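Atom set for the values below is all heavy atoms of this structure, side chains included, hydrogens, waters and symmetry mates excluded. Small disclaimer: the values here were computed from a predicted structure and weren't measured.
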Amino acid sequence: MTLNSATPAFVEHLRAELPVAAFREASPAYLEEPRGRWQGRAGVIVAPDCTADVAKVVRAASEACVPLVPYGGGTGLVGGQISPEGPLPVILSLERMRALRGIYPEENVMVVEAGAILQDIHAAAARADRLFPLSIAAKGSARIGGNLATNAGGVNVLRYGNARDLCLGLEAVLPDGQIWHGLKRLRKDNTGYDLQHLLIGSEGTLGVITAAALKLYPRPAGEGTAVMVVRDPRAALDLLAMARDHMGEGVSAFELMHRQGFEFLAQELPDIRQPFEGHPEWFVLIEVGLARGLDPAGALETLFVEAMEAELVSDGMIAQSEAQRHAFWEVREQIPEANRRVGSVSSHDISLPMSVIPDFIEKGQEVIAALGAFRINCFGHLGDGNLHYNVFPMPGKTRADHPGERDLIKRKVHDLVHEMGGSVSAEHGIGRLKVEDLERYGDPAKLSAMRTIKAALDPKGIMNPGAVLRAD
């Protein structure tokens, strides 16, 4: 079906349906994305403050065949939140739907609207002496609706799972404007097809999430953080296995970092204090959260001693204060910002079976070296098999010195990932950036089913056209 731009007449229709406060100026915040690859466009930008008004917008877009792009915090890295081409769309921002609808500590459940900022959710859980464990670098601006729409990952997937694992129920507006009232606080509900998990990870192509019932957890009685220099990625995997043998599910995060990341930090963000003199080739950051009566620092010290004896690690530090814990994490969380300032030629959010990661890192170096002289910053969530594998120009050069090479580098890296049984999108989603990758590497039966589902729920194709699946 042919889509139409949001014309002045269409906008006037919306103005008759919505309060003045729901309309937004077309500022760059709504039309740009963090990596600067696309420039978005909009016929109108609206920010309803209730689900009923979201439904009015979606219903109007459906009746007029106007494309609609849901907008959360704008932090997505694959272009799913903007529309760079085609008819002028409605940008539907959830920023005014930030309410905490309820918190139930005895159930370990919180109900929030989709525009709630992730960091605010953390604070609300903490006030109830509970933990909401989803944590990403953009937690100060990312909104939970976008986190769920992209099935966000982050640093605690090892222990708590992805965003979909932290959700019990959803409220959403479907492409025809119907409101799905699936906002249940149930741990068990076997009543037909699971629309919740269909919408989570769909990136706004099947509906607009307006609220969610989230799982909370008891706060660990004691937390500990350590950084340890490991011999190589294989030793890091062995250390992870050893840590889980010692502390079981108490291991919350296990992050792998490479020397190149420390060098970028020293170059671009010199005020960030790094834990070791010089730059070790590889090191890991370990976070543990243990129950009452257990000593996290003591457990980490025992782990370090045993790992030293096994020649897995050569140096390490255990945080002695909350300030030191924060300093360790700041090193990890600022690596993406240092990367951004240096400017990659090609960046890759990939996952692999954990046992093949060392082989991938070795083979990846060979693949990139065959293409020319580049630097590689490989880091990420080793505990769940997710690496951020980013390729940079050599010192004195910029990405502008490598015109046309990005696509070749991406193809070579993704081919290797696919050959080794991995995924070319671990936690960032498909968006617009990886539509071609999904077509190249996706299972044909799965792609056929996805297109059938899209056509059934969104027959007019108004929901975020061009994201995830190629627009007709």
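Here S344 contributes atom OG and I376 contributes atom CD1; the two are 12.5 Å apart, rounded to the nearest 0.5 Å. Here the straight-line distance linking atom CG of D384 with atom OG of S351 works out to 8.5 Å at 0.5 Å rounding. To the nearest 0.5 Å, atom CG of residue D176 and atom CE of residue M463 are 10.5 Å apart. Expressed to the nearest 0.5 Å, how far CG of L170 lies from CD1 of I209 amounts to 5.0 Å. With values rounded to the nearest 0.5 angstrom, R143 atom CZ is found 9.0 Å from D120 atom CG. To the nearest 0.5 Å, the span separating CG on L214 from CG on L134 amounts to 9.0 Å.
Of the possible polar contacts, one joining the D194 side chain to the Q196 backbone as a donor-acceptor pair under 3.5 Å is found. Using a distance-only test at 3.5 Å, with no hydrogens or angles considered, no donor-acceptor pair links the side chain of K410 to the main chain of S346. Between the R432 side chain and the G79 main chain, a donor and an acceptor come within less than 3.5 Å of each other. Between the side chain of K184 and the main chain of G169, no donor-acceptor pair closer than 3.5 Å is present. The backbone N or O of E203 lies less than 3.5 Å from a partner atom in the side chain of N464, making a donor-acceptor pair. Between the R24 side chain and the I45 main chain, no donor and acceptor come within less than 3.5 Å of each other. With hydrogens and angles ignored, the 3.5 Å screen pairs a side-chain donor or acceptor of D458 with a backbone N or O of I462. One N or O on the side chain of E33 and one on the backbone of R37 form a donor-acceptor pair closer than 3.5 Å. Side-chain N or O atoms of R159 include none that pairs as donor or acceptor with a backbone N or O of A253 at under 3.5 Å. Side chain of R96 to main chain of A47: a donor-acceptor pair is present (N/O by atom type, distance under 3.5 Å, no hydrogens or angles).
Between R440 and D437, none of the side-chain N atoms (NZ, or NE/NH1/NH2) sits under 4.0 Å from a carboxylate O, so this pair counts as no salt bridge. For the pair R234 and D359, the salt-bridge criterion is met [side-chain N within less than 4.0 Å of a carboxylate O]. A salt bridge links R411 to E436: one of the charged nitrogens lies within less than 4.0 Å of a carboxylate oxygen. Using a 4.0 Å cut-off between charged nitrogen and carboxylate oxygen, K363 and E366 do not count as a salt-bridge pair. Comment: E287 engages R325 in a salt bridge, judged by a side-chain N to carboxylate O separation of less than 4.0 angstrom. The existence of a salt bridge linking E281 and R259 is confirmed by a sub-4.0 Å separation between a basic side-chain nitrogen and an acidic carboxylate oxygen.
A donor-acceptor pair shorter than 3.5 Å can be found between the side chains of S93 and E95. Looking only at atom types and distance, the side chain of H279 has no donor-acceptor partner in the side chain of Q260 under 3.5 Å away. Side chains of T210 and E171: a donor-acceptor N/O pair is present below 3.5 angstrom, by distance only. No donor-acceptor contact under 3.5 angstrom links the side chains of S83 and R41, judged on distance only.
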Practice problem: Assess whether side-chain contact (heavy atoms from CB on, under 4.5 Å) is satisfied between L92 and V69, documenting all intermediate values. | Solution: CA-CA 6 Å; L92 196 161; V69 179; over 6 Å; no
Quiz prompt | Worked verdict on F379 versus Y389 for ring-ring contact (aromatic ring centres under 6.0 Å, His included) | solution = CA-CA 7 Å; F379 67 102; Y389 192 84; over 10 Å; no
Practice problem: Check the pair H388, H348 against ring-ring contact (aromatic ring centres under 6.0 Å, His included), reporting the backbone distance first and the verdict last. | Solution: CA-CA 6 Å; H388 300 297; H348 315 93; over 10 Å; no
Quiz item: Stepwise, does the ring-ring contact (aromatic ring centres under 6.0 Å, His included) test hold for F392 with F264?
Solution: CA-CA 11 Å; F392 294 84; F264 285 167; 4.7 Å; yes
Exercise. Give the intermediate values and the outcome of side-chain contact (heavy atoms from CB on, under 4.5 Å) for residues L265 and Q274.
Key: CA-CA 9 Å; L265 280 172; Q274 299 195 28; 3.6 Å; yes
Practice problem: Take H428 and T150, measure what side-chain contact (heavy atoms from CB on, under 4.5 Å) needs, and give me the verdict at the end. | Solution: CA-CA 7 Å; H428 293 165; T150 57; over 6 Å; no
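When side chains are defined from C-beta on, V468 counts as touching L438, because their heavy atoms get closer than 4.5 Å. Taking the side chain as every heavy atom from C-beta outward, L198 and I453 approach each other to under 4.5 Å. The shortest side-chain heavy-atom distance between V356 and P358 does not fall under the 4.5 Å cut-off. Counting heavy atoms from C-beta outward, P87 and L3 have side chains that approach closer than 4.5 Å. With contacts defined as side-chain heavy-atom distances shorter than 4.5 Å, the pair I335/N377 qualifies. Between L100 and M110, the closest side-chain pair of non-hydrogen atoms falls below 4.5 Å. Between Q178 and V173, every side-chain heavy-atom pair lies at or beyond the 4.5 Å cut-off. In this structure, the side chains of R375 and P395 come closer than 4.5 Å at one or more pairs of heavy atoms.
Nearest heavy-atom pair, G429 versus V78, reported as atom, atom and distance to 0.1 Å: O-CG1, 3.8 Å. Pairing each heavy atom of G380 with each of R332, the nearest pair is CA-NH2, 4.3 Å. In this structure, P48 and V57 approach most closely via the heavy-atom pair CG-CG2, 4.2 Å. Closest of all the heavy-atom pairs between A142 and I136 is CB-CD1, 3.9 Å. C65 approaches K460 most closely through the heavy-atom pair SG-CD, 3.9 Å. Shortest non-hydrogen contact noted between I82 and L31 is CG2-C, 4.1 Å.
Using the six-membered ring where Trp is involved, Y441 and H418 have ring planes that are tilted, between 30° and 60° apart.
Heavy atoms of other residues, nucleotides or ligands lying less than 6.0 angstrom from CD of Q39 number more than 12.
Residue pairs meeting the ring pair (Phe, Tyr, Trp, His ring centres under 6.0 Å) criterion with at least one partner in residues 22-67, sequence neighbours excluded, are Y30-Y71.
Taking the six-membered ring for Trp, F132 and Y217 have ring centres at least 6.0 Å apart. Annotation: H402 is in aromatic contact with F374 [ring centroid separation under 6.0 Å].
The salt bridge (Lys or Arg N to Asp or Glu O under 4.0 Å) with E439 is formed by just one residue from the set K446, R470, K434; it is R470.
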